[in-house]
Amino acid sequence: REHDSLTQAEQTFRQAMQLSPALKSNALLFRHIGQIQERTGRDHEALESYTLGLNLSPTTLGLLLDRASLYYRLGNEQRALSDYSAVLDLSPDHTEALFFRAHLYTRKQDYRKARQDYDHLLRLQPTREDALQGFCLLNAKDRRPREAMEVVNNLIQLYPHHATNYLLRGGMELQEKQYEVALYDFDKAVEL
């Protein structure tokens, strides 16, 4: 039933675009069509729609973010990185783009750039849990165990009832062969 109404909405958007195909505002219609295509499992068609919309209006943040997110989900990290960077060129304090670009830089082992994005993001949102978790993991991967431990201890102070943070700290303690405290944190995570 929902699929039928989505298909009908997509057809309506396409008819609207046929009236004036070159209108810059059609970029938003392409975005809506792309979102419908994503929701109905047609990811590659959605990518095409987002790209067509961006061809009409290259600076539409929503389109860039939707395409970046879809590229990320499909495993095309380089293209996702490129779109998140385009968003940040237009809006340097965009927190979602900063978060995902930092995460992608960490995956690429470009720790310097990842650190810059996490630093920027945490200046804007100093208690953002997923950003602090990402920053902690970055420090651990970048062989900065003391800084990683400071961040995870801060996380546990901020969010004492979130099991993930205890798991994170327990994993770091395990790496440092601190078995008793690791066991305590794993037990606490299970308890929560």
Undergrad: Ignoring hydrogens and geometry beyond distance, is a side-chain donor-acceptor pair present between D66 and Q35 at under 3.5 Å?
TA: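 Yes - a donor-acceptor pair under 3.5 Å links their side chains.
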Undergrad: When you look at CZ of R73, are more than 12 heavy atoms from neighbouring residues, nucleotides or ligands closer to it than 6.0 Å?
TA: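 Yes, enclosed.
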Undergrad: Quick check for you: to the nearest 0.5 Å, what is the distance between C136 atom SG and M149 atom CE?
TA: 8.0 Å
Undergrad: Going by distance alone, is a donor N or O of one side chain under 3.5 Å from an acceptor N or O of the other, for N139 and R115?
TA: yes
Undergrad: With distance as the sole test, does Y71 use its side chain to make a donor-acceptor pair with the main-chain N or O of S82 at under 3.5 Å?
TA: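 The answer is no, because no donor-acceptor pair under 3.5 Å joins these two groups.
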Undergrad: Taking the side chain as every heavy atom from C-beta outward, state whether D119 and F135 have any atom pair closer than 4.5 Å.
TA: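 The answer is yes; the side chains approach within 4.5 Å.
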Undergrad: Should E77 and K108 count as an ion pair when the cut-off is N to O under 4.0 Å?
TA: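 Answer for the salt bridge query: no.
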Undergrad: Can you find a side-chain donor-acceptor pair between S49 and Q37 that sits under 3.5 Å?
TA: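 Result is yes, a qualifying pair exists.
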Undergrad: Can you tell me how far apart CG (L121) and OG1 (T95) are? Round to the nearest 0.5 Å.
TA: 6.5 Å
Undergrad: Would you find a donor on one side and an acceptor on the other, under 3.5 Å apart, between the side chain of N26 and the backbone of L29?
TA: no
Undergrad: Are L90 and F99 connected in a single hydrophobic cluster, I mean Ile/Leu/Val/Met/Phe/Trp/Tyr linked by side-chain heavy atoms less than 4.5 Å apart?
TA: yes
Undergrad: Rounded to the nearest 0.5 Å, what's the gap from CG on L65 to OH on Y50? Could you check?
TA: 10.5 Å
Undergrad: The test is side chain to side chain contact (heavy atoms under 4.5 Å, CB included); show your working for Y159 and T127 and say whether it passes.
TA: CA-CA 9 Å; Y159 305 100; T127 59; 3.9 Å; yes
Undergrad: Is it the case that one hydrophobic cluster holds both L70 and I33, taking links as side-chain heavy atoms less than 4.5 Å apart, direct or via other members?
TA: no
Undergrad: For Q133, I'd like to know if atom CD has over 12 heavy atoms of other residues, nucleotides or ligands within 6.0 Å.
TA: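 More than 12 heavy atoms, drawn from other residues, nucleotides or ligands, come within 6.0 Å of this atom.
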Undergrad: With respect to L132, which candidate in V152, L155, N165, L168 satisfies the side chain to side chain contact (heavy atoms under 4.5 Å, CB included) definition?
TA: L155
Undergrad: With a cut-off of 6.0 Å (strictly less than), are more than 12 heavy atoms of other residues, nucleotides or ligands near CD of Q175?
TA: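 It does not: Q175 CD has 12 such atoms or fewer within range.
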Undergrad: Where do R67 and T51 land on the side chain to side chain contact (heavy atoms under 4.5 Å, CB included) test, with the steps shown first?
TA: CA-CA 8 Å; R67 189 172 74 174; T51 300; 3.0 Å; yes
Undergrad: With salt bridge (charged side-chain N to carboxylate O under 4.0 Å, His left out) as the rule and sequence neighbours excluded, what pairs involving residues 132-141 come up?
TA: none
Undergrad: Any ion pair linking D130 and R128 (charged N to carboxylate O, less than 4.0 Å)?
TA: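 Answer for the salt bridge query: yes.
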Undergrad: With rounding to the nearest 0.5 angstrom, report the NE2 to CG distance, H94 to L88.
TA: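 Going from the NE2 atom of H94 to the CG atom of L88 covers 8.0 Å.
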Undergrad: Side chain of T106, backbone of A102: donor and acceptor closer than 3.5 Å?
TA: yes
Undergrad: Could you walk me through whether D187 and E191 satisfy the side chain to side chain contact (heavy atoms under 4.5 Å, CB included) test, starting with their C-alpha distance in whole Å, then the side-chain angles of each, then the deciding distance to 0.1 Å, before giving a yes or no?
TA: CA-CA 6 Å; D187 285 344; E191 176 192 316; over 6 Å; no
Undergrad: Hey, any chance L28 and L52 share a hydrophobic cluster, counting ILVMFWY side chains that come within less than 4.5 Å of each other, even indirectly?
TA: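 Per the 4.5 Å side-chain linkage, L28 and L52 are not co-clustered.
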Undergrad: Can R42 and E38 be counted as an ion pair, charged N to O under 4.0 angstrom?
TA: no
Undergrad: Kindly give the heavy-atom pair with the smallest separation between A27 and L56, and that separation in Å.
TA: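 Minimum heavy-atom separation between A27 and L56: N-CD1, 3.9 Å.
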Undergrad: Strictly below 4.0 Å, N to O, side chains only: are R144 and D142 in salt-bridge contact?
TA: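 Looking at D142 together with R144, the answer is yes, because their closest N to O distance falls below 4.0 Å.
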Undergrad: State, to 0.1 Å, how close G53 and L63 come at their nearest heavy-atom pair, and which atoms those are.
TA: C-CD1, 3.6 Å
Undergrad: Of all heavy-atom pairs between E173 and D185, which one has the smallest distance, and what is that distance?
TA: OE1-OD2, 2.7 Å
Undergrad: Aromatic contact between H103 and Y72, with the criterion being ring centroids under 6.0 Å apart: yes or no?
TA: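 Yes.
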Undergrad: Could you walk me through whether Y105 and L81 pass the side chain to side chain contact (heavy atoms under 4.5 Å, CB included) check?
TA: CA-CA 8 Å; Y105 279 142; L81 192 61; 3.8 Å; yes
Undergrad: Does the side chain of T60 pick up a donor-acceptor pair with the side chain of R31 at under 3.5 Å?
TA: no
Undergrad: Are I156 and Y184 connected into the same hydrophobic cluster when the rule is that any two of I, L, V, M, F, W, Y join if their side-chain heavy atoms are below 4.5 Å apart?
TA: no
Undergrad: Working to the nearest 0.5 Å, report the span between CE of M172 and CG of N153.
TA: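 Answer rounded to 0.5 Å: 7.5 Å.
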Undergrad: Rounded to the nearest 0.5 Å, how far apart are CG of L98 and OG of S91?
TA: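 If I round to the nearest 0.5 Å, the distance is 8.5 Å.
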Undergrad: Quick one: are L74 and H44 in side-chain contact, heavy atoms under 4.5 Å?
TA: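 Yes - at least one pair of side-chain heavy atoms lies under 4.5 Å apart.
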Undergrad: What is the minimum heavy-atom distance between A189 and Y166, and which atoms define it?
TA: CB-CB, 4.0 Å
Undergrad: Between A46 and G34, what is the shortest heavy-atom contact and its length?
TA: CB-O, 3.3 Å
Undergrad: Do the side chains of L167 and L158 join up, straight or via other hydrophobic residues, at under 4.5 Å, putting them in one cluster?
TA: no
Undergrad: Would you name the heavy atoms of A182 and L174 that are closest together and state the gap between them?
TA: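 Shortest heavy-atom separation between A182 and L174 comes out as CB-N, 3.9 Å.
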